[in-house]
Novice: 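Take a look at this one; I'll ask things after.
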Amino acid sequence: MNIHEYQAKKLLSKFGILIPNGKIAYTPHEAKRAANEVSARGPWMLKAQIQSGAREKGYFLEKSSGKKGGMLIPEAEQMLGATLVTPQTGPLGKPVSRIYVEAFQKVQQKFYAALIINRVQAELTLLVAKLDDGRTITQVAAETPELILKLPLNLQKGVSIAQMREVRDFLGISEKSDKHLKSFVNGLHKAFIEYDASMIEINPFGVDYRGRIFALDAKMSFDDNAAYRHPDIVRLQDEYEEEDRALKARKYGFKYNDFDDSGVGCIVNGDGITLAAMDLIHEAKMGLACALNVKGGVDKDKIAAGIKIIMTNPKVEGILINILGGFLRCNLIADGIVEAASEVGLNVPLVVRFEGTNKDEAKDILLNSKLPLIIADDMEDSVDKLVSAVEAAY
Amino acid sequence: MSVFANKDTKVLVQGITGTQASFHVRRSLEYGTNIVAGVTPGKGGTEHLGLPVFNTVKEAVEQTGANASVLFVPAKAVKGAVTEAAEAGLDLAVCITDGVPVLDMLQIKEMLKSHKTLLIGPNTPGLITPEEARLGIFPENIHQKGHIGIVSRSSTLTYEAVLETNRANMGQSTVIGLGDDMVIGSDYIPSLDAFAQDDETDAILLIGQQGGGFEEAAAMHYKTMEIKKPVIAFVAGNSIPFAHKMGYAGEVIADGKTSVIDKRNAMLDAGMIVVDEINQIHQVLLDILS
């Protein structure tokens, strides 16, 4: 789960992290008023609040909104309602419904900081890097990973004094920033733990002439599994950020991914099998439209609702259902298929492959339903059968 | 022989009275698993599926001598339940539950450093030693007793790997699902070590997944192992041009290398056999073992 920059900044400021003065605006009029409130004379930053990195590298789809994207266009009127495309949004971009009006904070040096989880070591890890050669952090990571300092943090205590000095010296920050650096890193650590974050990224933070440290941007992601502990964060979620089908799938407890092609819609149970099915589809030179992961499903109605999400996607030219039942029982999926098909109709070829818990029962349900579907024996067989069925249908 | 659990392993089930737990415990019992007790706080003294139910793991261990646990408890209760299992001195805890908060897992991992308990999972189909013990939710009807050890981070691809060993007519010694959560109780290394020591295991299938550096860590470890049994590895996600869509973008900055190609190269370099498609496994098994 992600939140907007302005929400993340507000949250981090509660943990002692300095942020430039700022205010959110939904209309040009509000933006003007906000500007006067955050700084009497300016200059100001107007920042499109869409949940994507690399906004400064973006552009607006609408010509009237100018060519430059995201963070620098001074006219709120042109930004609001426009569609911002960044390297991370995909070609359709995201609509800008609100902008963050911020007092421009002059700084002398800029750096990258992030708190992430190192999965293999099961450790909270602080990452910092200099940002002084014009490269993005992704480029630094790919080309010169040794220029990123990675420090495991104690889960309870956070950063140690020795680690703090290491950060300072690695980045070449002056000693007069010591106490600011300490409250900055401690603030990140506390916010991370308190709110069950899965990542906090400050790209960049800046040091001003007095040695103070400001978070100039902020990106926070939260652990979905811990959402029940944080109703206040769940409320911040911007549903417009999420694609309709993904949002619907999530409401039923499933994961939906939309891909750029038209072609196969996959219904599977597990990430691994999604990936393996994609590999086979790719090899068969077919496009992949979308994938729905119904792992953990135990409720027939929810499963049917999930299957309908795929069946009603106009990009889908054929459906591949590959279920290896364990916890998830195959017969529930079969019931779900029959129910979904009876409601929305089945207009594209559907190939089903069941293995594991209650697979024979599941096959019987499908055969008795008289639906025009194809039953396959294994994964390759299912892809082969789907490819021929789609070719015959189009 | 086998690894981690066999017919002599005395198993208790935490959260035994839930619907899903009941369904799967019944099947595990029918399979012959030596399940000796259940634990559900507040239901101590009752009986469920013919098994005595205790309030705490400690009591269950004292009364029945259980040395392993399968956990079906709700996600919120996992941290407490694993801690209880560890403090009761169990050798093995297999956590089926999904949706465990990552921060809880970080705390669990820290706690386990001072206990001997090996945690498998969470969010795993569990562990099965065919014809002896089923700890979890593996579809038992696909398993055949045999000589191939399987360790996998992907639950569903584990089943595919099992079918491949059946195709080669070699069966499985033990099958271990590690789970594919952000933070997992055990990575590949304890399983690789255990399979190396197991006389019944002739070769190991390692099924990997995009994201995390687990496969790389396994490859590094394999290089240093004294007993080297053949490892056949498969990592899904070869064709993926959309890694960020699957939610691994943040790791790139931290780890630098997490693509499937990086993983495959690390494993090849360590001397593992890497296959492009999972359905090639049975042929490789036939080539190297017969």
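Values below: every heavy atom of this structure, side chains too, minus hydrogens, waters and symmetry copies. Every chain is numbered from 1, with letters handed out A, B, ... down the list of sequences.
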Novice: Give a yes-or-no answer on whether the side chains of B:Asp193 and B:His221 include a donor-acceptor pair shorter than 3.5 Å.
Specialist: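 Side-chain D/A pair, B:Asp193 to B:His221: present.
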Novice: Under 4.5 Å from any heavy atom of chain B, what part of A:Thr125 do you find: side chain, backbone, both or neither?
Specialist: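 Neither part.
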Novice: Within the 3.5 Å criterion, strictly below it, is a donor on B:Thr129 or B:Thr174 matched to an acceptor on the partner's side chain?
Specialist: yes
Novice: Counting only heavy atoms closer than 4.5 Å, note whether B:Ala75 contacts chain A via side chain, backbone, both or neither.
Specialist: neither
Novice: Could you tell me whether B:Asp181 and A:Arg119 make a salt bridge, using a distance below 4.0 angstrom between a side-chain N and a carboxylate O?
Specialist: no
Novice: Which heavy atom in B:Glu216 sits nearest to a heavy atom in B:Ala266, and how many Å separate them?
Specialist: CG-CB, 4.1 Å
Novice: Are the charged groups of A:Lys190 and A:Glu194 less than 4.0 angstrom apart, N to O?
Specialist: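 Not counted as a salt bridge, because no side-chain N and carboxylate O are separated by less than 4.0 Å.
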Novice: Indicate whether any N or O donor in one side chain lies under 3.5 Å from an N or O acceptor in the other, for B:Arg134 and B:Ser28.
Specialist: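 Yes, side-chain donor-acceptor contact under 3.5 Å.
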Novice: Could you look at A:Glu123 and say if it's the side chain, the backbone, both or neither that has a heavy atom under 4.5 Å from chain B?
Specialist: backbone
Novice: Distance alone, cut at 3.5 Å: any donor-acceptor contact between the side chains of A:Lys295 and B:Asn123?
Specialist: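 Side-chain D/A pair, A:Lys295 to B:Asn123: present.
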Novice: Please determine, by modelled atom types, if A:Asn2 and A:Ser221 share a side-chain donor-acceptor pair under 3.5 angstrom.
Specialist: yes
Novice: Taking A:Leu280's backbone N and O only, do any of them form a donor-acceptor pair with B:Glu277's side chain (distance below 3.5 Å, no angle check)?
Specialist: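 Looks like no, no N/O pair under 3.5 Å.
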Novice: Walk me through it: do A:Arg353 and A:Asp381 pass the test salt bridge (Lys or Arg N to Asp or Glu O under 4.0 Å)?
Specialist: CA-CA 9 Å; A:Arg353 182 264 178 132; A:Asp381 186 40; over 6 Å; no
Novice: With a 4.5 Å cut-off on heavy-atom pairs, point out which of B:Val183, B:Ile207, B:Asn279, B:Asp187 contacts chain A the most.
Specialist: B:Asn279
Novice: Does a donor on one side chain and an acceptor on the other come within less than 3.5 Å for A:Thr144 and A:Arg135?
Specialist: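 Yes, because at least one side-chain N or O of A:Thr144 sits under 3.5 Å from a partner of the opposite role on A:Arg135.
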Novice: With a 4.5 angstrom heavy-atom cut-off, which part of A:Ile323 approaches chain B: side chain, backbone, both or neither?
Specialist: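 The answer is neither part of A:Ile323.
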Novice: Heavy-atom distance under 4.5 Å to chain B: side chain of A:Asp223, backbone, both or neither?
Specialist: side chain
Novice: Below 4.5 Å, heavy-atom pairs only: which of B:Arg153, B:Glu140, B:Lys76 has the largest tally toward chain A?
Specialist: B:Lys76
Novice: Among A:Val268, A:Asn225, A:Asn269, who wins on heavy-atom pairs under 4.5 Å with chain B?
Specialist: A:Asn225
Novice: Between A:Arg245 and A:Asp258, does any NZ, NE, NH1 or NH2 come within less than 4.0 Å of an OD or OE carboxylate oxygen?
Specialist: no
Novice: Using a heavy-atom cutoff of under 4.5 Å, enumerate the residues of residues 97-104 of chain B that contact chain A, numbered in order, or state 'none'.
Specialist: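 Answer by number: B:Gly99, B:Val100, B:Pro101, B:Val102, B:Leu103, B:Asp104.
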Novice: Which atoms of B:Phe138 come close to chain A, meaning under 4.5 Å heavy atom to heavy atom: side chain ones, backbone ones, both, or neither?
Specialist: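 For B:Phe138, neither part sits under 4.5 Å from chain A.
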Novice: Between A:Asn203 and A:Asp217, do the side chains contain an N or O donor and an N or O acceptor separated by less than 3.5 Å?
Specialist: no
Novice: Report the relative orientation of the aromatic rings in B:Phe72 and B:His24; use parallel for angles under 30°, tilted for 30 to 60°, perpendicular for over 60°.
Specialist: parallel
Novice: Hey, is the main chain of A:Met379 close enough, under 3.5 Å, to the side chain of A:Ser382 for a donor-acceptor pair?
Specialist: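 The answer is yes, because a donor-acceptor pair under 3.5 Å joins these two groups.
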Novice: Considering only heavy atoms, which portion of B:Glu110 lies under 4.5 Å from any heavy atom of chain A: side chain, backbone, both, or neither?
Specialist: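 When you check distances to chain A, only side chain atoms of B:Glu110 fall under 4.5 Å.
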Novice: Any chance the side chains of A:Asn358 and A:Arg329 put a donor and an acceptor closer than 3.5 Å?
Specialist: no
Novice: Hey, which of B:Ile184, B:Ile278, B:Ile137 has the most heavy atom pairs under 4.5 Å with chain A?
Specialist: B:Ile137
Novice: Is chain A contacted by the side chain of B:Asp180, its backbone, both, or neither, given a heavy-atom distance below 4.5 Å?
Specialist: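 Its backbone and side chain both get close to chain A.
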Novice: Which region of B:Leu106, side chain (C-beta onward) or backbone (N, CA, C, O), has a non-hydrogen atom less than 4.5 Å from a non-hydrogen atom of chain A, or is it both or neither?
Specialist: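 It is both, since atoms from each part get that close.
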Novice: I need the contact set between residues 160-168 of chain B and chain A: heavy-atom distance under 4.5 Å, sorted by residue number.
Specialist: B:Glu160, B:Leu163, B:Arg167
Novice: Counting heavy-atom pairs closer than 4.5 Å to chain A, which one of B:Ser154, B:Ser155, B:Ser152 comes out on top?
Specialist: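 With the most close heavy-atom pairs to chain A, the winner is B:Ser154.
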